[in-house]
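In what follows, every chain begins at residue 1, and chains take the letters A, B, ... in the order their sequences are listed. All of these numbers come straight from a predicted model, not from anything done at the bench.
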Amino acid sequence: MCAGRIRNFALEDGKMISMTDVRTRFAPSPTGFLHVGGVRTALFAWLVARQAKGQFILRIEDTDQAREVEGSADHLISSLKALGINYDEGPDIGGPYAPYLQSQRLDTYKPWAQKLIDSGRAYADPYTAEEIQAFRDQAKAEKRAFLYRDHRPENPPAWDGTMPLRFKSEPKPYQWHDEVMGDLHSGPEVIDDIILIKSDGYPTYNFAHIVDDAEMKITHVIRGQEFLSSQPNYLNIYETLDLAFPIFATMPHILGESGNKKLGKRDGAKDVLDYLRDGYLPETMINFIASLGWNDGTEQEVFTRDELIEKFSLARVQRSGARFDEQRLLWMNGQHIRSLNLDDLYDRVADFWPESAKQVREERKKQVLALVQDRLKTLADLPTLTDYFFTEPTPNWSMVSDNKQLAKISTDEAKDLLRATKSALESSDFDADSIQNTLNALLETTGQKPGVLFSLIRLAVSWAPFSPVLNETLAVLGKDTTIARLTQALADQE
RNA sequence: GGUCCCAUCGUCUAACGGUUAGGACACCAGGUUUUCAUCCUGGCAAUAGGAGUUCGAUUCUCCUUGGGAUCACCA
């Protein structure tokens, strides 16, 4: 980026941070796979960091032993890598503020908690779960909001680590700025004595993320809308800990295909790796997810990774949720596939060839690939589009009778046309141009429309639902194969 | 229910308070003397409702309606 674009960010307390000090993080909990909602949070944080030439950090928030899913931290990491969302510091690569696994940072949280205890701003929660539930039920019966601080124990016992440690809040109204949502505000009634450390010794997200963000010098806290209502409580903690507010940016949710609900795992949100397995390109996913709630103000729809880094801005992120439209995703994937050069595309389709192509040499496969590149919407389309190049298709004359154009002619007419085609092509040089000339001449001699003749030839040599431009298809198939297939098609209908 | 957030075509979105409200996906109709899932052209289609401010409101304010988030020893 050119130096002229470097600017500084102002923090709430008036301090300035320079752009290259920008540090953003993605802080998922290892409770399952990474879905598109999570990807977007990660992506936007990554874009902010990359644009500023700052750092992007991966921190795993594994403070809930009960909900943790075995192997999901690794899954998260491989998902980010597959998408090309690379991080500068993280659990597997370390960094100046290691470890990046919260479960390994328990000693980090202790002094901060102690500081609060010492200043009388944290206390042990002596109640049982049942007692708290009773308070809650009572509040509900009286139709008022339940607040723990209404039940603060008068003489809490010394905290010995076996009870939850609660924050002694100082209720007050807040107003703050959010890079996406704008100016926000809240009243004192939403501030409560939230739990800082659970009775199992692990900190809650509410406490741990604030400590870690401060320790790790995170400048931008970018996260989903679900945390918005907790924000005032966090602000209260920042103040008590004497920490400057970072820059906040709240992302609206991605909504499911139908309905308006937040797209979550329970609503059928897919593992982002599944999209890759289904033949979507990483750059498609990045582009599509970014464009879900962000645009650069121009009419550009398709962006490369570098363009996204250059053009992204939090200020242009939409405030309302956006629906995940797979149709649009499919279209966009086609756009990205077409923009790839052949060698690059060849490398990426390695796992998508049909079985029949396994032993085929590279040169041949590239020849076929070049022909079908325009037709691919996902890499997984490759087998149906190319199988007949590598193996003899089985004639299926119902494809002829079911064809809209070919329904007009009889089987005998069709066979006559194929015979004529065969003899015409036998004397062709069989490069794409000669074939085209031969076919054009054939149109004249047979008096058929291209829609009829060419549809028929296409089916007789491929028996596939779709195929590329006819003359080039025949050229790639080669003269011998083409003639043999025409013969076979005729024989099948004897 | 309390609190907070949001509101332009079916969907994703653009529009210093002044535009015939623009683009894209999808859909429909043509075209590319070649089918088809590429490509090109055209078409359909939106400011949730009501007040107010203003010469003028998609844009600012309020109300209504609708949607969402959150009210855990989950994050």
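- For the pair A/K198 and B/A75, the criterion of a side-chain N or O lying under 4.0 Å from OP1 or OP2 is met.
- Among the heavy atoms of the strands, none lies under 4.0 Å from A/D192.
- Among the nucleotides B/G68, B/C74, B/C25, the one closest to any side-chain atom of A/Q225 is B/G68.
- With contacts defined as side-chain heavy-atom distances shorter than 4.5 Å, the pair A/L340/A/L281 qualifies.
- Within 4.0 Å (heavy atoms only), A/A145 reaches no atom of the nucleic acid at all.
- Residue A/K449 contributes atom NZ, which lies 12 Å from atom C1' of B/U33 at whole-angstrom precision.
- Here A/F26 pairs with nothing under the ring-ring contact (aromatic ring centres under 6.0 Å, His included) rule; sequence neighbours left out.
- Defined by atom type and a distance below 3.5 Å, a donor-acceptor pair is present between the side-chain atoms of A/D193 and A/S169.
- Between A/N295 and B/U13 there is no side-chain polar atom (N or O) within less than 4.0 angstrom of OP1 or OP2.
- Among the nucleotides B/G68, B/C36, B/U35, the one closest to any side-chain atom of A/S467 is B/U35.
- OP1 and OP2 of B/C5 both lie 4.0 Å or more from every side-chain N or O belonging to A/R319.
- The aromatic rings of A/H209 and A/Y234 lie perpendicular to each other, with more than 60° between the two planes, well past the 30° mark.
- Residue contacts for A/L292: at a heavy-atom cut-off of 4.0 Å it reaches the sugar-phosphate backbone alone, with no base atom in range.
- At least one side-chain nitrogen or oxygen of A/T63 sits closer than 4.0 Å to the OP1 or OP2 atom of B/A75.
- Between A/Q335 and the phosphate of B/C39, there is a side-chain N or O to OP1/OP2 separation shorter than 4.0 Å.
- At a threshold of 4.0 angstrom between heavy atoms, the contacts of A/G293 are confined to the sugar-phosphate backbone, with no base atom among them.
- We find that CD of A/Q133 is positioned 13 Å from C1' of B/C71, with the value rounded to whole Å.
- One P atom belongs to B/G66, the other to B/A24, and the distance between them is 35 Å to the nearest Å.
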- Quick tally for nucleotides 59-65 of chain B: nucleotides whose base has a protein heavy atom under 4.0 Å get B, sugar-phosphate-only ones S, the rest -, giving -------
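- Nucleotides B/G22 and B/G67 have their P atoms positioned 29 Å apart, rounded to a whole Å.
- In this entry B/G1 has B/C71 as its Watson-Crick or G-U wobble partner, both defining distances falling under 3.5 Å.
- With B/U33, B/A26, B/C36 as the choices, the nucleotide that has an atom nearest any side-chain atom of A/R375 turns out to be B/C36.
- Side-chain nitrogen and oxygen atoms of A/H253 include none within less than 4.0 Å of the OP1 or OP2 phosphate oxygen of B/C5.
- Electrostatic pairing of A/E239 and A/R121 does not count as a salt bridge here, judged by no charged N lying under 4.0 Å from a carboxylate O.
- A/R136 has a side-chain polar atom (N or O) that falls below the 4.0 Å cut-off from OP1 or OP2 of B/A72.
- In terms of position along RNA chain B, the nucleotide closest to A/R316 lies nearer the 5' end than the nucleotide closest to the other residue of the pair A/R316 and A/F227.
- Nucleotide B/U58 is matched to nothing when pairs are restricted to Watson-Crick or G-U wobble geometry with both distances under 3.5 angstrom.
- The base-pairing partner of B/A7, taking Watson-Crick or G-U wobble contacts with both distances under 3.5 Å, is B/U65.
- The side chain of A/S455 lies closest to B/U35 when the candidates are B/A37, B/A7, B/U35.
- In this structure, the ring-ring contact (aromatic ring centres under 6.0 Å, His included) partners of A/F390, at least two apart in sequence or on a different chain, are A/W353.
- The shortest distance between the side-chain N/O atoms of A/R338 and the OP1/OP2 oxygens of B/C39 is below 4.0 Å.
- Applying the ring-ring contact (aromatic ring centres under 6.0 Å, His included) test to A/Y202 and every residue at least two apart in sequence or in another chain returns nothing.
- Comparing B/C6, B/A37, B/A75 by their closest approach to the side chain of A/F466 singles out B/A37.
- Applying the 4.0 Å criterion to OP1 and OP2 of B/G2, one finds that A/K143 has every side-chain N and O outside that range.
- Residue A/T162 is classed as having no contact, given no heavy-atom separation below 4.0 Å to the nucleic acid.
- When the nucleotides B/A26, B/A14, B/C73 are ranked by their closest atom to the side chain of A/I195, B/C73 comes out on top.
- Between the side chain of A/S199 and the base of B/C73, a donor-acceptor pair under 3.5 Å is found.
- A sub-4.0 Å separation between OP1 or OP2 of B/C73 and a side-chain N or O of A/R166 is present.
- Under the 4.0 Å criterion applied to side-chain N and carboxylate O atoms, A/D416 and A/R419 are assigned as salt-bridge partners.
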- Nucleotide by nucleotide, nucleotides 16-24 of chain B touches protein heavy atoms under 4.0 Å in the pattern (B base, S sugar-phosphate only, - none) ------SBB
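- For the residue pair A/R319/A/Q225, the side-chain donor-acceptor check at 3.5 Å is not satisfied.
- Atom pair A/N333:CG and B/C12:C1' shows a separation of 17 Å (rounding to whole Å applied).
- Looking at the side chain of A/E226, the nearest of the listed nucleotides B/C73, B/A37, B/U70 is B/U70.
- We find that A/R59 and A/D213 are joined by a salt bridge, their nearest charged nitrogen and carboxylate oxygen being less than 4.0 Å apart.
- Among the protein residues, A/V469 comes within range of the nucleic acid bases, having at least one heavy atom under 4.0 Å from a base atom.
- Between A/R67 and A/D64 a salt bridge is recorded (basic side-chain N to carboxylate O distance below 4.0 Å).
- Within the nucleic acid shown, A/I457 has no heavy atom closer than 4.0 Å to any nucleic acid atom.
- A close approach under 4.0 Å does not occur between any side-chain nitrogen or oxygen of A/Q65 and OP1 or OP2 of B/C74.
- In this structure A/Y388 satisfies the ring-ring contact (aromatic ring centres under 6.0 Å, His included) test with no other residue, sequence neighbours excluded.
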